[in-house]
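Reading through the structure tokens given below for one structure.
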Amino acid sequence: MLKLFIFISKRSVQMLLLFVIFLTVLFFLLEAQPGDLSQQYIGNPDIPPEEKARLAARLGLDMPLFSRYLAYMKNFFTGNLGNSLSQYPTPVTKLIFDALPRTIVLFLSATLLAYYLGFVTGKVLAWRRGKMSEYLLTLGGVGLYTVFYPWFALLMIWTFGFTLSNVTGIRVFPINKFIDVSDWLGSPFTTNQVFLRMILVAVLSMLVAAVATVIAKQRLEIRQAIRVRNIAFLLGVVFPFIYFFFSAMGKYALDILHHTLLPVMTLALVAFAGIMLLTRSAMLETLREDYILTARAKGLPEKVIRDRHAARNALLPVVTSLVLALAFVIGGGIITETVFSWPGVGLLLYNAVILEDIPLAMGGLSVIAALALIGHLVADILYAYLDPRIRY
Amino acid sequence: MNKRNRVLRLMVIFAALAMVVSACSDDDTGTTAATAATTTTEGTEPTEAPTTTEGTEPTEAPTTTAVEETTTTEALPEIVYVNACQPDTPYDTTAYAPPAYAAAGGTVYRTGIFQDTTTDNYWAYMDPQSTVWNAYLLGPTKPALFGTNLPGLDLTNDLATSDDPGVAAADGDGFSVTVPMRTDVTWSDGTPITAHDVVFTADTVCQFALGGNWVASYQWAQTDEATGEFSDALGLIGVTAVDDFTVKFTWNKDPGLAIWPYSVGVAPVMSKAAWQAVAEDAKASEDPAEVLYAASGAGDASGGPTIFFAREAGAFAESVGNLDYYDNGRAVSSGGVDFTTGPFIGDQTFELYGDQSAAVLALKAGEVDYLYNPLGLQRGLLDQITGDANLTPIVNATNGFRYLAFNMRRDPMARQGFRDALAFMIDKEYITGSVLQGVAFPLYATVPEGNTSWYNAELADAWQAEITDLALDTRYDGTPFMEAGEDEELGTEDDVAYTATGTEARLHAAVSALMADGFSWPEGQEPGFADNAIVPGKGIMLDGAPVQEITILAPGPGYDPLRATFSLFVAQAAKDLGFNATAYPTDFNVLVNAVFVPDDEGNLDFDMFMLGWSLGNPALPTYHESFWAGKNDTLINDGNNNTGFNDPEFNALVEEFNAAKTFEEAYDIMWQMEEILFTQKPYILLFDTGIIEAYRSATIQYPFTNTLSGIQFGNGFPGLVAAAS
């Protein structure tokens, strides 16, 4: 345990140093772009030329580059991310936190679904090696994995959002956006209030389920513990629906959920194949291990060998990949957010970079970087938990 | 020590150094960058107030790259000018309590936007957040003394009693105009719109030194901060309320049309009651403008057909119909169209779409009635719209142009012959018609044809004919054009003279222009025309010396495929004449930076470039001064004239145009300026495209759709749109 603590301490110091270097490189990279926001008036012949200089002064862009760097670093480490230049004087933190909830709901759901589907199909694939189902799934998976995503997303919208509605007369899936605006006119809640409540209720439900599972594992025999785990997680999934059924926010949460289906489905379809192939190759490695042969020799049922002996050991690279993917969830995705009209952190940062809104771009990217670094640390710690052979 | 440890130590040292330096940095500097405040670096003068320069020294360079070299004390102007504001009077600080607005019921006008609105604060929208998307939402909520009717672009009265703005007359030390205001005009909260609102708005712009579009609207005179003496620039020296419904404007010099009425006369007026408490609080702060811009605009009083109602970042925005709008039911006749102003809607929503294809699907599915877009819809989507009986596509001319510009500070671009030759050689009709498949149309005057008030078809057509209908009897060397006899039986085997037209004539005219300006080719390397094709020249020389490679910067195909394609043909035209010319389609920001930002030596390092302009207020085109007046040379005052064009006759006409008091006078002067531009060619006008829009005619209707720059230019006509009959 002490060794693990020392390891975490060392890694934390390394991460801090790496973070400072990251911020420095990022700042100068963004600054190296040609032009700046004060040029926004170039296109307007009605505005006097002096206004460019005055805007630059207002935004602090008239200061020497190094002074700006020093000021930024100092403010960053004192918790001040500054004001957005493109949406002056709105604070950077407000813009990020406005976009964050909808990004988390969409990309977290899609990531978890993709990993679940990918892991389940991956282990089945490895188990059915050489059969037709393996070829079909692999072919389909690779096809989806390599599909041109913007085209695929538009195809999904056209097929399920537009054509299906036209054919059936029922709006099965919305075309895009995360709400139906007409349902929200006069709403007592903002979309972010509903998003945050959805996240909170889902996280709390899952936490309770996880705690129940851990307690059951410690105090009950294995069969009962598994039964408790299954029931707890089932309730963890069902409880948010029950909560919102009785909540005044229910109608609005349902609208958001309805709009989440198509983009989540699209994202998961594209992303799951990568996980499936990763799991498959890890499983194939594991299946060659001696302990699998031993398990078979002991006469254990195939399902037990697959799920409890092979799959669990094949989980290591998948979990590593998942932890890192979760760290990048808040970064969103520019293409998904654009095609599905789901403006989140990805588009916010993209526009910030394009518009050379340095404080906003720095603020957003540094939060993502910090989470990525933490993700790496968590993955290292999880290694020790998942694989008893690994010790620090 | 192993390698890993050494790397680790290096990292530690680097990071520690960065943090130490960061921690030791100056406090003021830190605050400024993080909060984007307006203080300057150590040892420099404050630059928050508007500053101008004497003579021709560059003001502050506007870019990141140049800032390092120019933010020292010696780069600042010696004289610091500040707004010549009126004496400050404290405002009532009682908090404004707006009425509870609500959607009026009836038709909901559902519109799509492609970028989010970023503010609900009209003050901020006019300066740091002056995006077109904010304009669509907030633009229709503020009144002005005068407005511009669409589609005719004619001046009309809004708050003023008459549509005749009058002219300024000498008044003491300045020139003034007095405007009687209507007494039947009210804000959406029911209070009358008075002269005090106009004065409040003008005073706030002055005292808070607001920038951007506020400066274009309320241009105050400037005084030397040290001596109090006025600068040479024309500006307001007083805006006073003669009584509740009469406002008086006074300038330090006699204003022309561009200032009165087309600047302050059409400037937005803010509600004093709604904003005075915020303004009073702001005055006490370190940065009043920032406090004002940061305030919420929720509940702001409207003097237009819609009232801003709600906005949720990233989701949607909503305006409600101002059914008590004072001009509701007003009969208007403009541009040959008679209609009545509304609003006829109870509610307007602005729904955010990220992608045009998906947005058009939403339009087809009936989720929205109209899609706002300043650039219009992609042409590829037109087919989808055309085939839908519920939708109506609209194509309108735009208020802009795309052009090829020359750096007239360096050869060969400085040579008139070179620019003339290129104008002959660029076959705009062929490129727009055949290569670009008719999606663009060629231009010969900067005033768009769609601006029916200001366009002079006779002159524009004549200039076009000078190029396209060119016919020559003699070659560039003075010999007649000859071709082989056609009928051997008649004994006409000898060469016969003919009149060259088309490409052949243009090539010879181009070569003639070049030769007349000192260009030459090695013996036998001149350009020629044989077998119906150009034989390119080689090794062109200027005054006997070889001409170096010339470059043409243009936006890349991802940003604008039309200009990217056009640039290749321009390069080919120059190559045909023997120049070593290369087109460089490049990133838009890189291009803008290259042509508008001086390099370390203070030069603009480009040969030619292709960009486009949007032309501001079409009711009074004032862009000639901005783009081509010598005083607006980018190297002098960071202005938009980056070609270095500086023609005394043109400069004098600019001043005459600014002083003109009537439309007729201004029109004549403007076309004299156009003639100089056509002759001297600091720009070669290339082309423009129409703007494509679509609306759901099954659910809504507009009184007219044929209007310059489309429906989006009228902010989507929220005061005119009605349910389809």
Worksheet entry | Flag if over 12 foreign heavy atoms under 6.0 Å of OH, A:Y350 | no

Fill in: Listed partners of B:Y559 passing ring pair (Phe, Tyr, Trp, His ring centres under 6.0 Å), at least two apart
B:F588

Item to complete: List the atom of A:I175, the atom of B:L361, and the distance in Å for their closest heavy-atom pair.
Response: CD1-O, 3.6 Å

Discussion item. Using heavy-atom distances under 4.5 Å, tell me whether B:D347 contacts chain A through its side chain, its backbone, both, or neither.
Written reply: side chain

Discussion item. Which one wins on heavy-atom pair count under 4.5 Å against chain B: A:T78, A:T190, A:D98?
Written reply: A:T190

Discussion item. Using 0.5 Å steps for rounding, measure from the CH2 atom of A:W342 to the CG atom of B:L352.
Written reply: 12.5 Å

Worksheet entry | B:L292 portion near chain A, given a 4.5 angstrom heavy-atom threshold | neither

Worksheet item: Looking only at heavy atoms, what is the nearest atom pair of B:E290 and A:N83, with distance?
Response: OE2-ND2, 3.5 Å

Discussion item. Taking A:T191's backbone N and O only, do any of them form a donor-acceptor pair with B:E312's side chain (distance below 3.5 Å, no angle check)?
Written reply: yes

Discussion item. With a 4.5 angstrom heavy-atom cut-off, is it the side chain or the backbone of B:Q356 that approaches chain A, or both, or neither?
Written reply: neither

Practice prompt. Anything in residues 160-174 of chain A with a heavy-atom distance to chain B below 4.5 Å? Please list those residues in order.
Written response: A:F162, A:R171

Fill in: Nearest heavy-atom neighbours spanning B:G314 and A:P343
O-CG, 2.9 Å

Worksheet item: Of all residues at least two apart in sequence or in a different chain, which pass the ring pair (Phe, Tyr, Trp, His ring centres under 6.0 Å) check with B:Y125?
Response: B:Y122

Practice prompt. Would you check if the side chain of B:T118 reaches a backbone N or O of A:Q87 as a donor-acceptor pair within less than 3.5 Å?
Written response: no

Fill in: Any residue of residues 179-189 of chain A which, by heavy atoms, sits under 4.5 Å from chain B
A:I179, A:D180, A:V181, A:S182, A:W184, A:L185

Practice prompt. With side chain to side chain contact (heavy atoms under 4.5 Å, CB included) as the test, would you mind laying out the steps for B:D355 and A:L154 before giving the verdict?
Written response: CA-CA 10 Å; B:D355 176 77; A:L154 276 174; 3.6 Å; yes

